[in-house]
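Note sheet for the following structure.
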Amino acid sequence: MPTRPLVIRYEDDLKLFPGLWQRAGVLLTLSITLAYPWLVSTRWLTVGNLGLVAIVGAASLMVLTGFAGQVSLGHAAFLALGAYTVAVLGAKLGWPFWLALPLAGGVSALVGVVIGAFALRLKGLYLAIVTLGLVFLTQHVLLAYPEVTNGLSGTAVPMYWWFRDDAGVAASLSETWVVGGVGFNFERKLYFVFALLAAGTVWLTKNLQRSDSGRAMMAVRDQDLAAEVLGVGTTQAKLQAFGVSSFLAGIAGAMFAFQQQYITVEPPFDLNLSIQYIAMIVLGGVGTVFGAVSGALAFTFLSPLAETVGGALPLVNQLTSAQQATVLLSLVVVLVLVLEPLGLFGVWLRVRRYFQAWPFRY
Amino acid sequence: MTASSPALLRVQNLQVVYHSAVRALRGITLEVPHQGVVALLGPNGAGKSTALRAISGLLHMHDGAITQGKVELSGQSLLALPADGRVHAGVVQVLEGRRILGELSVEENLLAGGFGMGAQARKELVESAFTRFPVLRERRRQKAGYLSGGEQQLLAICRGLMRRPKVLLLDEPFLGLSPKAVGEVSELIQRISAEGVAVLLVEQNARVALTLASHGYVLETGKVVLDGPADKLREDPDVQEFYLGFGREGQRGYHELKRYRRKRRWLS
Amino acid sequence: MTQLLQLSISGLALGASYALIALGFSVVYRASRLFNFAHGELLSLGAFLMTALVEVMPWWLALAASACLTGGLAALLERTVLRRMVGRSVFTTIILTLFLGLLLRAGIVIAFGTDTRGMPTPWDTMAEVQVGDSTVLLSSLISLGATSLVLVGMHALVQRTPMGVAMRAASENQEVALVLGIPVGRVLAFTWFLAGATAAVAGIFLGMFPRSVDSNLGYVALRAFPAIIVGGLESVVGAVVAAFMLGLLEVLSQAYVNPHLGAFGHNFHAVFPYAAMILFLVLRPRGLWGEHEVRRV
Amino acid sequence: MALLELDNVGLSFSGLRALDGVTFAIEAGALHAVIGPNGAGKSSLFNCISGIHRHMEGLVTLEGQALAGLEPPEIARRGVARMFQNLALFEHLTVLENLLLGRHPKYRTGLLRNLFWTRGARAEEVRHREKAEEVIDFLNLEHYRWMPVSVLPYGIRKRVELGRALCMEPKLLLLDEPTAGLNQEETEDMANHLLDIRHELGVTQVLIGHELRFVMDLATQVTVLDRGRVIANGPPSSLREDTRVLSAYVGGTVAA
């Protein structure tokens, strides 16, 4: 384990990457991120894009469930709202993606805060079921207005680059650009946009984690009554968590829509999607941004692998490839929960506790 | 306790740890003879309830575990038995704070106490409880939660008697009771004891406990600090002082202690 | 009037199935303090087992056998996995049962395939009966009768027998039950067995006409949630009553409310209970008969 | 003028009278002990002061201002800090984070500035960190700063909870059995800390205690509760001979 760097000023303590090791890690991550689109095939570039979407989505669920402790099965609803906002703004009104994107977050955040206000007094299970209801209600509303959303048949998601030029024509992002002899096709362009968005999300949630606002959310999660007696407004903390989380979820949904270029309501925006995001934060370890990022990447990259493994197993290979991935990942999640509920972080705690007390056991 | 009459319940060098971290009992040893009342005294948090949980097998409900020591009933170790097995072996606990089942009727509470016995035997035992306390018969169909505090405690003890236990463990039976109810409950305890059931009585209320008991143990921070016949303990100035805490002459108070410790800190 | 009666009967028949589902959720919640999201898969497992078993044995025997097998699996799940969850956070138990449900579903697909099956009945599946002026499906009446019988039987078991007293004692306070000599572990397993068995019965009757048996049958359990929440998790009777009301509400709103909502009304009856539940919870966060929360430090 | 005044405070739980006509005052700078047997209403009294029980009767005034009807966070902002009987720490956070949460009411930056980690947010974080470090120093918690509370031994956790309350820079510190579950050495440490708080920080403390030696030795003033009523009130020396106190504690109510 790298030792803590010598800290002389409290400012240094607040840095995200205070030590040499962390900075080396950042550098490594950065170079891998930059090189990735040129190292892999189109299929894996798509997986990479989906991984970046998942990072944003998982980080947003981590804010609500991991930080503030509000169990939500309604993540799919917020993703759907974001996705349909950019789809409608793009297809019906011809808005460019960079203008539609923040609005996707805004619409989702608005619904999130309203639902949060409704759900303030609800705890645990009751909240989970209300948010589950939100998924069904959102699906219903999206399907009920086919003139806006195209209903069951789904809608295309155009992605314009610049706001209409003089001739009133919107340039599409799907054209390939050549910059200095290097070709940027649609997938690669998307990749860099997504990488920026994912990095921004990680930065925001990390800031939340190290600041007073994030600590207030965690206080509500761990001990709501003690939090109140300390002067933490639980209402405020919960609403903030709902707002931030659903904003980012809307962004993630929009990213997903851009990636797919054509979306329908169900699938993908159903209970299963919510469950997948929960699986991500459980795999990574609940409560940290690192957990969200690693869980999201592990989940997206393991899915194609799980399909390969599943194909080799008897019985399991009768399933469709998506089902095979679900089975293997469910198995992993169940085992993690039963054996080590804190994920890998829990194993680390155990080891440390043992050595702190060494040679005494108690 | 003389060696010639071997104890019914024997606890030896018992150590208990909660959450794999907090040591609640640091090796206590105590014995309950075949007949009579033994009192276990001590302040809050001394480990009295922990001792009872260890005897009746409830530690796992509180994330606690026995790390060392023995618990024996008539020479047979109880440690391997689950909680319900220990009840069948004859060790029955009445939990702290009148833990009746408030949603069940009075009669059902008694019947639950005889789960697994023959229908006839259960009926007879319920009848005997009703004969003992006619007020319970009057309210047999009512929810037990509506009984008064004293009645709930009487019901809880009668429910414990459904198994015809060899030893009854009572955890703070007088807690929060009115003086009249305290009188009724202590009368019941005396009667049970006279009927040949051994009783281990955990109490903060030293005076009642030592009136009922023939022998007493004083527990402090997980250790037995004092034990002896009840009349000796009653006379003991230390016992009164222990509970009232009026500082003895010459004993160092916390103010002096502070100066003393401060000095040591300065040096180190 | 004729239509109303007809709709009411099919609403009650649907409500009876919801009631069985709600019963399963509720007894498990009271006993183990966890909400079993895998319950729906037990439902479809029961129905699939029935379609297979009925090929080799008489109808009623197959019904009993699939109920017992499903109950046995539920008890096994409790003993092996879910008992370890005592005292864990609500989050953990929700996630765990959700994923157990996914695994069960995959198991069902492996064992029975993805084909839609009809649920065979010993009576003519399409037979109709005259009730007053209206015609009602015989299957509806039988399923209403049979599920009501199961409900009454469960009530008698829980209220009148020693095992029922032990179940109630264990669900109220496990520690007290233990010091009374009640083998709490076995009682819990038995409770889960009952929940599984009733789920199977509900699945079998739901699988009859007009629905059929496929791997999505388990989703019906999700539809019963509003009843459980509104009726109150703590109250089995409340949940059952609310489930009957839910069935009625669903069928009646499909006939009388949907047409007035225009495009928005298409399939609105399917989400109406959820919308009603959310509004209801804002007013009463712990359900109609749910326990009042006591704040303690 | 007294810092905190309780006037005829009453509280009922489903028919049970937890507090009944409780009237007494806590002087500024005092180390005021509240004692009484189990179920006497001591913790209920604290819950009334910190605003957890909303249905209480009577008046509670802090520096002449009524507290009744205020939400717990507002009462905290007015300077009432609290240590709970059964630890109520934020288990998954580190010691430092727990202490910083004690400073929460004093933070001025909002969510947006925190999200973007502006210069102002950073400066404020550092400022509060300095205060928290003072408390860490005061209570000798240096070694534990970065540890999650859940891995700490019980005695240290109690100290962290005391520290979290001190971080609020309270006018009034409510201590609910600060020594319950501590061994002799830890109890002595706690006694030292309480005396230091009184002498060096001048914070008024209200202490619920069971161990009478501890209470009688430390307190400047003692209130005895029994079955929800005040049965005695005065300096410790005046209570030693009080027969009502004796009987409440040893159980003189029994006609045995």
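Just the heavy atoms: all of them, side chains too, but no hydrogens, waters or symmetry mates, feed the values below. Proteins come first, then strands; the chains are lettered A, B, ... in the order of their sequence lines, and each starts at number 1.
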**OP:** Against chain C, label A/Ala279 side chain, backbone, both or neither, depending on which of its atoms sit under 4.5 Å from a heavy atom there.
**Re:** both
Subject >> Region of C/Ile110 in contact with chain A, defined by heavy-atom distances below 4.5 Å >> reply: both
Original post:
When only pairs under 4.5 Å are counted, which of A/Ala226, A/Ala117, A/Ser330 shares the most heavy-atom pairs with chain C?
Top reply: A/Ser330
Original post:
Pick from A/Val229, A/Ile129, A/Thr65: which one has the most heavy-atom pairs with chain C under 4.5 Å?
Top reply: A/Ile129
**OP:** Please look at A/Leu271 and chain C and tell me whether the side chain, the backbone, both or neither of the residue comes under 4.5 angstrom of a heavy atom of that chain.
**Re:** side chain
Subject >> Candidate pair A/Val141 and C/Val271, rule side chain to side chain contact (heavy atoms under 4.5 Å, CB included), full reasoning >> reply: CA-CA 10 Å; A/Val141 171; C/Val271 291; over 6 Å; no
**OP:** Determine, step by step, whether C/Phe99 and A/Leu329 satisfy the side chain to side chain contact (heavy atoms under 4.5 Å, CB included) criterion, reporting the C-alpha distance in whole Å, the side-chain angles of both residues, the deciding distance to 0.1 Å, and the verdict.
**Re:** CA-CA 9 Å; C/Phe99 281 93; A/Leu329 287 166; 6.0 Å; no
**OP:** Pick one of side chain, backbone, both or neither for A/Val333, based on which atoms fall under 4.5 Å of a heavy atom in chain C.
**Re:** side chain
Original post:
Between C/Thr114, C/Leu222, C/Leu34, C/Ile228, which has the largest tally of heavy atom pairs under 4.5 Å with chain A?
Top reply: C/Leu222
Original post:
Side-chain contact, heavy-atom cut-off 4.5 Å: A/Thr326 with C/Arg105?
Top reply: no
Original post:
Taking C/Leu103, C/Leu82, C/Leu98, C/Ile278 one by one, which has the highest count of heavy-atom pairs under 4.5 Å against chain A?
Top reply: C/Leu103
**OP:** Under 4.5 Å, counting heavy-atom pairs only, tell me which of C/Thr93, C/Ile94, C/Ile95, C/Val81 racks up the most with chain A.
**Re:** C/Ile95
**OP:** Output the distance between atom CG (A/Leu137) and atom CE (C/Met277), rounded to the nearest 0.5 Å.
**Re:** 8.5 Å
Original post:
What's the spacing between A/Leu331 CG and C/Leu102 CG if we round to 0.5 Å?
Top reply: 11.5 Å
Original post:
Counting heavy-atom pairs under 4.5 Å to chain C, which of A/Asn272, A/Ile115, A/Ile275, A/Leu134 comes out on top?
Top reply: A/Ile275
Subject >> A/Leu73 portion near chain C, given a 4.5 angstrom heavy-atom threshold >> reply: side chain
**OP:** Sort C/Phe272 into side chain, backbone, both or neither according to what part of it lies under 4.5 angstrom from a heavy atom of chain A.
**Re:** neither
Subject >> Spatial distance of atom CZ (C/Phe37) from atom CG (A/Leu125) [nearest 0.5 Å] >> reply: 6.0 Å
Subject >> Residue among A/Val282, A/Val334, A/Val336 satisfying side chain to side chain contact (heavy atoms under 4.5 Å, CB included) with C/Leu96 >> reply: A/Val334
